[in-house]
Amino acid sequence: MTIKLKKINNTIIKCKKCPRLVSFIKKISIQKRKQNKNEKYWGKPVPGFGDNKAKLMILGLAPAAHGGTRTGRAFTGDKSGNFLFKSLFLTGISNQDFSEKANDNLKLHDTYITNILKCVPPGDKPESKELNRCSNYFENEIENLKNLKVIITLGKVAFDNCLKIYKKKFMLKKKFEFKHGNKYLLPDNKVLIACYHPSPRNVNTKLVTTTMINQLLIKAKKIAKF
(Lines give C-alpha, C1' and ligand atoms only; values in the text may rest on other atoms or scores of the structure.)
Protein backbone atom coordinates (compact mmCIF):
# COMPACT_ATOMS: atom_id res chain seq x y z
CA MET A 1 0.00 0.00 0.00
CA THR A 2 1.30 3.48 -0.86
CA ILE A 3 2.25 5.99 1.83
CA LYS A 4 -0.69 8.21 0.86
CA LEU A 5 -3.21 5.36 1.10
CA LYS A 6 -1.75 4.36 4.47
CA LYS A 7 -2.21 7.93 5.69
CA ILE A 8 -5.81 7.96 4.47
CA ASN A 9 -6.51 4.67 6.23
CA ASN A 10 -4.88 5.84 9.46
CA THR A 11 -7.05 8.96 9.37
CA ILE A 12 -10.16 6.84 8.77
CA ILE A 13 -9.36 4.54 11.70
CA LYS A 14 -8.95 7.51 14.08
CA CYS A 15 -12.07 9.34 12.84
CA LYS A 16 -14.68 10.32 15.45
CA LYS A 17 -16.66 12.88 13.41
CA CYS A 18 -20.04 11.16 13.87
CA PRO A 19 -21.02 10.74 17.57
CA ARG A 20 -24.01 8.51 16.74
CA LEU A 21 -21.80 6.06 14.86
CA VAL A 22 -19.00 6.14 17.46
CA SER A 23 -21.57 5.31 20.15
CA PHE A 24 -23.14 2.50 18.12
CA ILE A 25 -19.77 0.89 17.35
CA LYS A 26 -18.87 0.98 21.04
CA LYS A 27 -22.19 -0.66 21.93
CA ILE A 28 -21.71 -3.46 19.39
CA SER A 29 -18.14 -4.08 20.52
CA ILE A 30 -19.19 -4.46 24.15
CA GLN A 31 -22.40 -6.45 23.70
CA LYS A 32 -21.08 -8.59 20.82
CA ARG A 33 -22.88 -11.40 19.07
CA LYS A 34 -23.33 -14.72 20.87
CA GLN A 35 -21.08 -16.73 18.55
CA ASN A 36 -18.37 -14.04 18.78
CA LYS A 37 -18.57 -13.29 22.51
CA ASN A 38 -15.00 -14.43 23.18
CA GLU A 39 -13.52 -12.35 20.37
CA LYS A 40 -12.07 -8.87 20.63
CA TYR A 41 -13.93 -6.59 18.21
CA TRP A 42 -12.06 -4.14 15.98
CA GLY A 43 -14.50 -1.48 17.17
CA LYS A 44 -13.31 1.39 14.94
CA PRO A 45 -14.04 2.80 11.46
CA VAL A 46 -13.10 0.27 8.77
CA PRO A 47 -10.71 1.42 6.01
CA GLY A 48 -10.50 0.06 2.49
CA PHE A 49 -7.96 -2.60 1.49
CA GLY A 50 -6.43 -4.26 -1.53
CA ASP A 51 -3.99 -3.59 -4.35
CA ASN A 52 -2.64 -0.01 -4.42
CA LYS A 53 -2.34 -0.40 -8.20
CA ALA A 54 -6.00 -1.41 -8.44
CA LYS A 55 -7.82 -1.00 -11.72
CA LEU A 56 -11.10 -2.13 -10.13
CA MET A 57 -12.86 -0.82 -7.03
CA ILE A 58 -15.65 -2.74 -5.33
CA LEU A 59 -17.75 -0.32 -3.30
CA GLY A 60 -20.25 -1.18 -0.58
CA LEU A 61 -22.33 1.00 1.71
CA ALA A 62 -20.88 0.34 5.18
CA PRO A 63 -19.19 -2.36 7.28
CA ALA A 64 -21.41 -5.03 8.81
CA ALA A 65 -22.03 -4.82 12.57
CA HIS A 66 -20.50 -8.24 13.24
CA GLY A 67 -18.47 -8.41 10.04
CA GLY A 68 -16.08 -5.55 9.29
CA THR A 69 -16.76 -3.86 12.63
CA ARG A 70 -15.62 -7.09 14.31
CA THR A 71 -12.74 -8.08 12.01
CA GLY A 72 -11.43 -4.67 10.94
CA ARG A 73 -11.66 -5.43 7.22
CA ALA A 74 -14.47 -4.59 4.80
CA PHE A 75 -16.74 -7.50 3.75
CA THR A 76 -14.81 -9.81 6.08
CA GLY A 77 -16.56 -12.17 8.48
CA ASP A 78 -20.15 -11.75 7.28
CA LYS A 79 -22.46 -13.64 4.90
CA SER A 80 -22.38 -11.02 2.14
CA GLY A 81 -18.59 -11.21 2.17
CA ASN A 82 -18.66 -15.01 2.12
CA PHE A 83 -20.72 -14.90 -1.05
CA LEU A 84 -18.63 -12.14 -2.65
CA PHE A 85 -15.24 -13.74 -2.05
CA LYS A 86 -16.27 -17.04 -3.60
CA SER A 87 -16.98 -15.12 -6.80
CA LEU A 88 -13.78 -13.08 -6.53
CA PHE A 89 -11.79 -16.33 -6.31
CA LEU A 90 -13.69 -18.01 -9.16
CA THR A 91 -13.02 -15.03 -11.43
CA GLY A 92 -9.32 -14.80 -10.54
CA ILE A 93 -9.54 -11.59 -8.52
CA SER A 94 -8.52 -13.06 -5.14
CA ASN A 95 -6.13 -15.82 -4.11
CA GLN A 96 -8.67 -17.58 -1.86
CA ASP A 97 -12.43 -18.01 -1.68
CA PHE A 98 -12.92 -16.80 1.87
CA SER A 99 -12.29 -13.72 4.01
CA GLU A 100 -12.59 -14.47 7.72
CA LYS A 101 -10.17 -12.13 9.47
CA ALA A 102 -7.77 -9.31 8.66
CA ASN A 103 -4.63 -11.50 8.72
CA ASP A 104 -5.86 -14.56 6.81
CA ASN A 105 -3.42 -14.07 3.87
CA LEU A 106 -6.10 -12.82 1.47
CA LYS A 107 -4.66 -11.05 -1.57
CA LEU A 108 -6.62 -9.07 -4.17
CA HIS A 109 -5.39 -8.76 -7.75
CA ASP A 110 -5.74 -5.28 -9.31
CA THR A 111 -8.68 -4.63 -6.96
CA TYR A 112 -9.49 -2.42 -3.98
CA ILE A 113 -12.50 -2.95 -1.69
CA THR A 114 -14.03 -0.17 0.39
CA ASN A 115 -17.29 1.36 1.61
CA ILE A 116 -18.93 4.74 1.14
CA LEU A 117 -19.42 4.94 4.92
CA LYS A 118 -16.56 3.65 7.06
CA CYS A 119 -18.68 2.98 10.18
CA VAL A 120 -21.71 0.73 10.63
CA PRO A 121 -24.90 2.78 11.15
CA PRO A 122 -27.77 1.65 13.41
CA GLY A 123 -30.27 -0.38 11.39
CA ASP A 124 -27.96 -0.09 8.37
CA LYS A 125 -29.50 3.34 7.79
CA PRO A 126 -26.94 6.14 7.60
CA GLU A 127 -27.95 9.77 7.97
CA SER A 128 -27.18 12.12 5.09
CA LYS A 129 -24.87 14.23 7.27
CA GLU A 130 -22.86 11.10 8.12
CA LEU A 131 -22.51 10.18 4.46
CA ASN A 132 -21.47 13.76 3.65
CA ARG A 133 -18.80 13.77 6.37
CA CYS A 134 -17.41 10.45 5.18
CA SER A 135 -17.46 11.25 1.47
CA ASN A 136 -14.09 13.00 1.69
CA TYR A 137 -12.39 9.70 2.52
CA PHE A 138 -13.92 8.03 -0.53
CA GLU A 139 -12.82 10.93 -2.75
CA ASN A 140 -9.29 10.59 -1.39
CA GLU A 141 -9.29 6.86 -2.13
CA ILE A 142 -10.32 7.48 -5.75
CA GLU A 143 -7.70 10.20 -6.20
CA ASN A 144 -4.92 8.01 -4.85
CA LEU A 145 -5.77 4.87 -6.80
CA LYS A 146 -4.03 6.18 -9.90
CA ASN A 147 -4.76 3.16 -12.12
CA LEU A 148 -8.47 2.92 -11.27
CA LYS A 149 -10.70 2.30 -14.29
CA VAL A 150 -13.88 0.61 -13.02
CA ILE A 151 -16.09 1.07 -9.94
CA ILE A 152 -18.60 -1.66 -9.06
CA THR A 153 -21.22 -0.46 -6.59
CA LEU A 154 -22.85 -3.14 -4.46
CA GLY A 155 -26.42 -1.98 -3.87
CA LYS A 156 -28.43 1.12 -4.74
CA VAL A 157 -27.31 3.25 -1.78
CA ALA A 158 -23.64 2.80 -2.71
CA PHE A 159 -24.55 3.54 -6.36
CA ASP A 160 -26.49 6.70 -5.48
CA ASN A 161 -23.86 8.03 -3.11
CA CYS A 162 -21.01 7.36 -5.51
CA LEU A 163 -22.91 9.43 -8.09
CA LYS A 164 -23.62 12.13 -5.50
CA ILE A 165 -19.89 12.60 -5.02
CA TYR A 166 -19.31 12.77 -8.77
CA LYS A 167 -22.13 15.30 -9.14
CA LYS A 168 -20.32 17.58 -6.70
CA LYS A 169 -17.27 17.62 -8.98
CA PHE A 170 -18.77 17.34 -12.46
CA MET A 171 -21.85 18.35 -14.43
CA LEU A 172 -23.69 15.06 -14.86
CA LYS A 173 -26.62 15.43 -17.24
CA LYS A 174 -27.30 11.83 -18.22
CA LYS A 175 -29.80 9.70 -16.32
CA PHE A 176 -28.30 6.96 -14.15
CA GLU A 177 -30.59 4.00 -13.45
CA PHE A 178 -29.66 1.44 -10.83
CA LYS A 179 -30.12 -1.94 -12.46
CA HIS A 180 -27.83 -4.94 -12.18
CA GLY A 181 -25.22 -4.84 -14.93
CA ASN A 182 -25.89 -1.29 -16.09
CA LYS A 183 -22.67 0.54 -16.86
CA TYR A 184 -21.95 4.23 -17.32
CA LEU A 185 -18.92 6.24 -18.41
CA LEU A 186 -18.11 8.86 -15.77
CA PRO A 187 -16.57 12.27 -16.59
CA ASP A 188 -13.10 11.16 -15.43
CA ASN A 189 -13.30 8.18 -17.84
CA LYS A 190 -13.93 5.62 -15.12
CA VAL A 191 -16.74 3.13 -15.74
CA LEU A 192 -19.45 2.78 -13.10
CA ILE A 193 -21.19 -0.61 -12.94
CA ALA A 194 -24.32 -1.25 -10.88
CA CYS A 195 -24.50 -4.56 -9.02
CA TYR A 196 -27.18 -5.98 -6.77
CA HIS A 197 -25.87 -6.40 -3.24
CA PRO A 198 -24.99 -10.02 -2.33
CA SER A 199 -26.93 -9.79 0.93
CA PRO A 200 -28.47 -12.97 2.36
CA ARG A 201 -31.93 -11.64 1.51
CA ASN A 202 -31.04 -10.97 -2.14
CA VAL A 203 -29.25 -14.31 -2.45
CA ASN A 204 -32.08 -16.30 -0.82
CA THR A 205 -34.71 -14.69 -3.06
CA LYS A 206 -32.51 -15.28 -6.14
CA LEU A 207 -32.42 -11.57 -6.93
CA VAL A 208 -28.71 -12.12 -7.30
CA THR A 209 -26.90 -15.39 -8.01
CA THR A 210 -23.30 -16.57 -8.21
CA THR A 211 -23.57 -16.68 -12.00
CA MET A 212 -24.80 -13.07 -12.14
CA ILE A 213 -21.96 -11.81 -9.93
CA ASN A 214 -19.34 -13.87 -11.78
CA GLN A 215 -20.46 -12.57 -15.18
CA LEU A 216 -20.42 -8.98 -13.92
CA LEU A 217 -16.92 -9.37 -12.46
CA ILE A 218 -15.63 -10.89 -15.71
CA LYS A 219 -17.12 -7.94 -17.63
CA ALA A 220 -15.46 -5.50 -15.20
CA LYS A 221 -12.08 -7.21 -15.65
CA LYS A 222 -12.34 -6.91 -19.44
CA ILE A 223 -13.16 -3.21 -19.23
CA ALA A 224 -10.34 -2.60 -16.74
CA LYS A 225 -8.00 -4.77 -18.85
CA PHE A 226 -6.54 -7.15 -16.29
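On a predicted model such as this, the values are computed, not experimentally measured, just so you know.
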Verdict with supporting geometry, Ser87 and Asn214, side-chain hydrogen bond (donor to acceptor under 3.5 Å, both in side chains):
CA-CA 6 Å; Ser87 285; Asn214 289 357; 2.7 Å; yes

So how far is it from Ile93 CD1 to Thr111 OG1, rounded to the nearest 0.5 Å?
4.5 Å

Would a 4.5 Å heavy-atom cut-off, applied to side chains only, mark Leu172 and Pro187 as touching?
yes

Short N-O contact, Asp188 and Lys190, less than 4.0 angstrom:
yes

Could you grab the distance from atom CG of Leu108 to atom CG of Leu56, nearest 0.5 Å is fine?
9.5 Å

Under 4.5 Å between side-chain heavy atoms, chaining through other members, with only Ile, Leu, Val, Met, Phe, Trp and Tyr counted: pull out the rest of the cluster around Met171, sorted by chain and number.
none

May I ask you to list the residues sharing a hydrophobic cluster with Phe89, side-chain cutoff 4.5 Å, ordered by chain and number?
none

Enclosure of Lys14 NZ (heavy-atom neighbours >12, cutoff 6.0 Å):
no

Whether the side chain of Asn202 engages the backbone of Pro198 through a donor-acceptor N/O pair (distance < 3.5 Å, no angle test) should be reported.
no

Could you go step by step and tell me if Asn140 and Lys4 meet the side-chain hydrogen bond (donor to acceptor under 3.5 Å, both in side chains) rule?
CA-CA 9 Å; Asn140 287 339; Lys4 286 186 177 180; over 6 Å; no

Asn52 side chain to Leu145 backbone, donor-acceptor under 3.5 Å
no

Can you list everything that forms a side-chain hydrogen bond (donor to acceptor under 3.5 Å, both in side chains) with Glu130? Sequence neighbours excluded, please.
Arg20

Determine, using the 4.5 Å side-chain heavy-atom cutoff (strictly less than), whether Ile116 and Val191 are members of one ILVMFWY cluster.
yes

Could you tell me which non-hydrogen atom of Ser199 sits nearest to which non-hydrogen atom of Ser80, and how far apart they are?
CA-OG, 3.4 Å

Measuring from Asn103:CG to Asn105:CG, what's the distance to the nearest 0.5 Å?
7.5 Å

Using the rule given for side chain to side chain contact (heavy atoms under 4.5 Å, CB included), can you reason through Leu61 versus Phe159, listing the C-alpha separation, both sets of side-chain angles and the distance that settles it, and then say yes or no?
CA-CA 9 Å; Leu61 169 60; Phe159 179 83; over 6 Å; no

Taking every heavy atom of Gly43 against every heavy atom of Ser29, the minimum-distance pair comes out as CA-OG, 3.2 Å

Is it true that a side-chain atom of Ser23 and a backbone atom of Pro19 form a donor plus acceptor pair closer than 3.5 Å?
no

Answer yes or no: does atom CG of Leu185 have more than 12 heavy-atom neighbours from other residues, nucleotides or ligands under 6.0 Å?
yes

Can you name the residues that form a side-chain hydrogen bond (donor to acceptor under 3.5 Å, both in side chains) with Thr76, not counting sequence neighbours?
Arg73, Ser99

Measuring only between side-chain heavy atoms, which start at C-beta, is Met57 closer than 4.5 Å to Val150?
no

Using a strict 4.0 Å threshold on nitrogen-to-oxygen distance, state whether Lys118 and Glu141 make a salt bridge.
yes

Trace of the side chain to side chain contact (heavy atoms under 4.5 Å, CB included) decision for Thr209 with Tyr196:
CA-CA 9 Å; Thr209 64; Tyr196 292 152; over 6 Å; no

Check whether any side-chain N or O of Asp104 sits under 3.5 Å from a backbone N or O of Glu100 as a donor-acceptor pair, and report yes or no.
yes

Which heavy atom in Pro45 sits nearest to a heavy atom in Cys15, and how many Å separate them?
CG-O, 3.6 Å

Do any N or O atoms from the side chain of Tyr41 and from the backbone of Ile25 form a donor-acceptor pair under 3.5 angstrom?
no

Run the side-chain hydrogen bond (donor to acceptor under 3.5 Å, both in side chains) test against His109 and tell me which residues pass, sequence neighbours left out.
none

Check: Phe85 and Phe98 side chains under 4.5 Å, non-hydrogen atoms:
no

Hits for side-chain hydrogen bond (donor to acceptor under 3.5 Å, both in side chains) against Asn36, two or more places apart or cross-chain, chain-then-number order -> Arg33, Glu39

May I ask you to test the Ile152-Leu192 pair for a side-chain heavy-atom distance under 4.5 Å?
no

Measure the shortest side-chain to side-chain distance between Ile193 and Thr153 over non-hydrogen atoms and say whether it is less than 4.5 angstrom.
no

Around atom NZ of Lys27, are there more than 12 heavy atoms of other residues, nucleotides or ligands at under 6.0 Å?
no

Do the side chains of Glu139 and Ile165 get nearer than 4.5 Å, heavy atoms only?
yes

Please determine whether the number of non-hydrogen atoms from other residues, nucleotides or ligands lying under 6.0 Å from atom NZ of Lys101 exceeds 12.
no

Check whether Glu127 reaches the backbone of Lys129 with its side chain - one donor and one acceptor, N or O, closer than 3.5 Å.
no

Does Cys162 form a side chain to side chain contact (heavy atoms under 4.5 Å, CB included) with Leu59? I'd like the steps, not just the answer.
CA-CA 9 Å; Cys162 180; Leu59 181 67; 3.9 Å; yes

Quick one: closest heavy-atom pair of Ala62 and Pro121, and the distance?
CB-CD, 3.8 Å

Look at the side-chain heavy atoms of Ile, Leu, Val, Met, Phe, Trp and Tyr, link any pair under 4.5 Å apart, and say whether Ile223 and Tyr166 land in one connected group.
yes

Contact between Phe75 and Val46 at the side-chain level, heavy atoms closer than 4.5 Å - yes or no?
no

Flag the pair Asn82 / Asp78 as yes when at least one side-chain heavy-atom distance between them is below 4.5 Å, and no otherwise.
no

Which distance, rounded to the nearest 0.5 Å, do you find between the CG of Leu154 and the SG of Cys195?
5.0 Å

Closest non-hydrogen atoms of Leu21 and Pro122, given as atom of the first, atom of the second and distance, are CD2-CD, 4.0 Å

Test your reading of the model: is there a side-chain donor-acceptor pair from Asp160 to the backbone of Gly155, 3.5 Å cut-off?
no

Same apolar cluster (I L V M F W Y, side chains within < 4.5 Å links), Ile8/Ile13:
no

Could you give me the CA-CA distance, side-chain angles and deciding distance for Thr71 and Trp42, then say whether side chain to side chain contact (heavy atoms under 4.5 Å, CB included) is met?
CA-CA 6 Å; Thr71 63; Trp42 168 254; over 6 Å; no

Using the rule that two of Ile, Leu, Val, Met, Phe, Trp, Tyr join whenever any of their side-chain heavy atoms come within less than 4.5 Å, decide whether Val22 and Ile28 are in one cluster.
no

Are Leu148 and Phe170 linked, directly or through intermediate hydrophobic residues, by side-chain heavy-atom contacts shorter than 4.5 Å (ILVMFWY only)?
yes

For a quick test of reading the model, state the closest non-hydrogen atom pair linking Lys221 to Thr91 and the distance between them.
NZ-O, 2.7 Å

Tell me whether Asp97 contacts the main-chain N or O of Lys86 through its side chain, where contact means a donor paired with an acceptor under 3.5 Å.
no

Looking at CD1 of Ile12 and CG of Asn115, how far apart are the two atoms once the value is rounded to the nearest 0.5 Å?
10.0 Å

Does atom NZ (Lys32) have a neighbourhood of more than 12 heavy atoms from anything else shown, all under 6.0 Å?
yes

Taking Glu143's backbone N and O only, do any of them form a donor-acceptor pair with Lys146's side chain (distance below 3.5 Å, no angle check)?
yes

Output the distance between atom OH (Tyr112) and atom NZ (Lys53), rounded to the nearest 0.5 Å.
15.5 Å

